[in-house]
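Comments concern the structure below.
In the text below, chain A, chain B and the rest are named by the order of the sequence lines, each starting its count at 1. The structure presented is a predicted model; accordingly, all values stated were derived computationally and were not measured.
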Amino acid sequence: DVVLTQTPPTFSATIGQSVSISCRSSQSLLHTNGNTYLNWLLQRPGQPPQLLIYLVSRLESGVPNRFSGSGSGTDFTLKISGVEAEDLGFYYCVQTTHAPYTFGAGTKLELK
Amino acid sequence: VQLVESGGDLVQPGKSLKLSCSASGFTFSSFGMHWIRQAPGTGLDWVAYISSSSGTVYADAVKGRFTISRDNAKNALYLQLNSLKSEDTAIYYCSRGSFDYWGQGVMVTVSS
């Protein structure tokens with residue numbers, strides 16, 4: 001099974017700080033059809049997760065453009081350019097290139 | 001788009017339970033669907049996927065015990081949980097194929 005390793009496990013940030021979260025895969029997430037099925041989700045306390053980024057770098061409708069995704073193959077990054085208070089919570093990467101599908105363990109973004 | 005889970009309960013180990021996810025606001029038959037779970041205080045755990053053509057994929061931890069199915073006429077997704085274990089205790093979420101929409105989740109507690 002594909003293992004997704006997220007770092008750091010916790011990020012303490014101040015409002016306005018830029019933050020990067022890494023997601024490394026145990027194998028390439030490039031599908032034979034040419035797509036890379038790596039998404040990023042945010043789960044705020046007490047809420048179901050919400051989709052931020054799909055297909056590595058595509059911003060989901062309604063998501064602020066301070067969120068961006070990049071990467072290829074096995075290394076992926078979510079960047080928040082200027083953290084706002086509403087961004088606090090747990091961030092997860094998830095892959096659906098290889099079955100069974102898998103989530104990363106999550107990164108907690110908290111206020112410093 | 002709305003996804004509403006139901007069927008959660010407190011059950012004894014070894015017993016069975018069936019979860020439902022009622023979908024509205026989109027053409028249900030055109031989308032693959034996931035079940036994802038989250039044990040208390042832990043991260044997201046992918047459980048199962050069913051494609052629009054009813055092909056299925058399962059996590060190793062539930063293969064042979066859980067069955068995902070769908071009824072397109074009723075706009076409904078199901079998860080049959082058999083031979084339940086204490087480690088199956090979690091909030092169970094249904095989500096549309098790209099994780100772009102999620103239900104609020106339903107609690108399953110397995111305990112004697």
Side-chain angles (χ1 to χ4, degrees), chain A residues 1-10 21 23 25-26 29 31 33 35-63 67 69 78 89-109, chain B residues 1-6 8 19 21 23 25-26 31-68 77 79 90-107:
Chain A
D1 299 0
V2 173
V3 176
L4 298 180
T5 302
Q6 283 187 237
T7 55
T10 303
I21 299 170
C23 177
S25 175
S26 60
L29 298 183
H31 195 278
N33 67 10
N35 288 327
T36 300
Y37 295 97
L38 188 284
N39 294 359
W40 289 96
L41 309 169
L42 164 62
Q43 186 176 31
R44 299 184 178 95
Q47 297 289 322
Q50 69 166 105
L51 180 65
L52 300 174
I53 301 286
Y54 64 99
L55 293 174
V56 178
S57 60
R58 300 188 186 183
L59 192 67
E60 172 68 358
S61 176
V63 174
F67 291 94
L78 174 72
F90 284 86
Y91 289 81
Y92 296 94
C93 55
V94 58
Q95 69 83 22
T96 54
T97 295
H98 302 291
Y101 308 142
T102 47
F103 285 88
T107 294
K108 182 180 181 181
L109 179 61
Chain B
V1 173
Q2 192 171 15
L3 299 171
V4 179
E5 302 94 339
S6 60
L19 305 182
C21 171
F26 65 103
F31 288 84
M33 298 291 295
H34 300 271
W35 285 100
I36 302 101
R37 66 186 179 182
Q38 187 168 34
T42 70
L44 300 172
D45 183 29
W46 178 82
V47 173
Y49 171 79
I50 185 166
S51 71
S52 57
S53 56
S54 295
T56 59
V57 186
Y58 296 93
D60 294 343
V62 307
K63 196 177 299 182
R65 298 190 300 123
F66 291 7
T67 303
I68 189 172
L77 174 72
L79 186 68
I91 297 171
Y92 284 73
Y93 297 100
C94 62
S95 177
R96 204 169 72 166
S98 297
F99 303 108
D100 53 350
Y101 290 95
W102 294 66
Q104 288 298 311
V106 63
M107 187 70 203

Q.
With side-chain contact (heavy atoms from CB on, under 4.5 Å) as the criterion, how do B/L44 and A/L41 come out once you've worked through the C-alpha distance, each side chain's angles and the decisive distance to 0.1 Å?
A. CA-CA 10 Å; B/L44 300 172; A/L41 309 169; 4.3 Å; yes
Q. With only heavy atoms counted, which part of B/I91 is less than 4.5 Å from chain A, the side chain, the backbone, both or neither?
A. neither
Q | Pairs of heavy atoms under 4.5 Å with chain A: top-ranked of B/S98, B/G105, B/S95 | A | B/S98
Q.
Report, in residue-number order, which members of residues 48-61 of chain A are under 4.5 Å from chain B by heavy-atom distance.
A. A/P48, A/P49, A/L51, A/E60
**Q.** Value rounded to 0.5 Å, distance of CZ in B/F99 from CZ in A/F103
**A.** 4.5 Å
Q: Below 4.5 Å from any heavy atom of chain B, which atoms of A/F90 appear? Answer side chain, backbone, both or neither.
A: neither
Q: Applying ring-ring contact (aromatic ring centres under 6.0 Å, His included), name anything that partners B/F31, two or more places apart in sequence or on another chain.
A: B/F26
Q. Can you say whether B/Y49 sits under 4.5 Å from chain A via the side chain, the backbone, both, or neither, judging by heavy atoms?
A. side chain
Q: Any pair with a residue in residues 32-46 of chain B that passes side chain to side chain donor-acceptor pair (under 3.5 Å), sequence neighbours left out, goes on the list, sorted by first then second residue, please.
A: A/Q43-B/Q38, B/H34-B/W46, B/R37-B/D45, B/R37-B/D88, B/R37-B/Y92
Q: Taking all heavy atoms of B/V57 and all of A/A99, pick out the closest pair and write down the distance.
A: CG1-CB, 3.3 Å
**Q.** Heavy-atom pair of closest approach, residues B/A59 and A/P100
**A.** CA-CB, 4.2 Å
Q | Qualifying residues under side chain to side chain contact (heavy atoms under 4.5 Å, CB included), relative to A/H98, sequence neighbours excluded | A | A/V2, A/Q27, A/L29, A/Q95
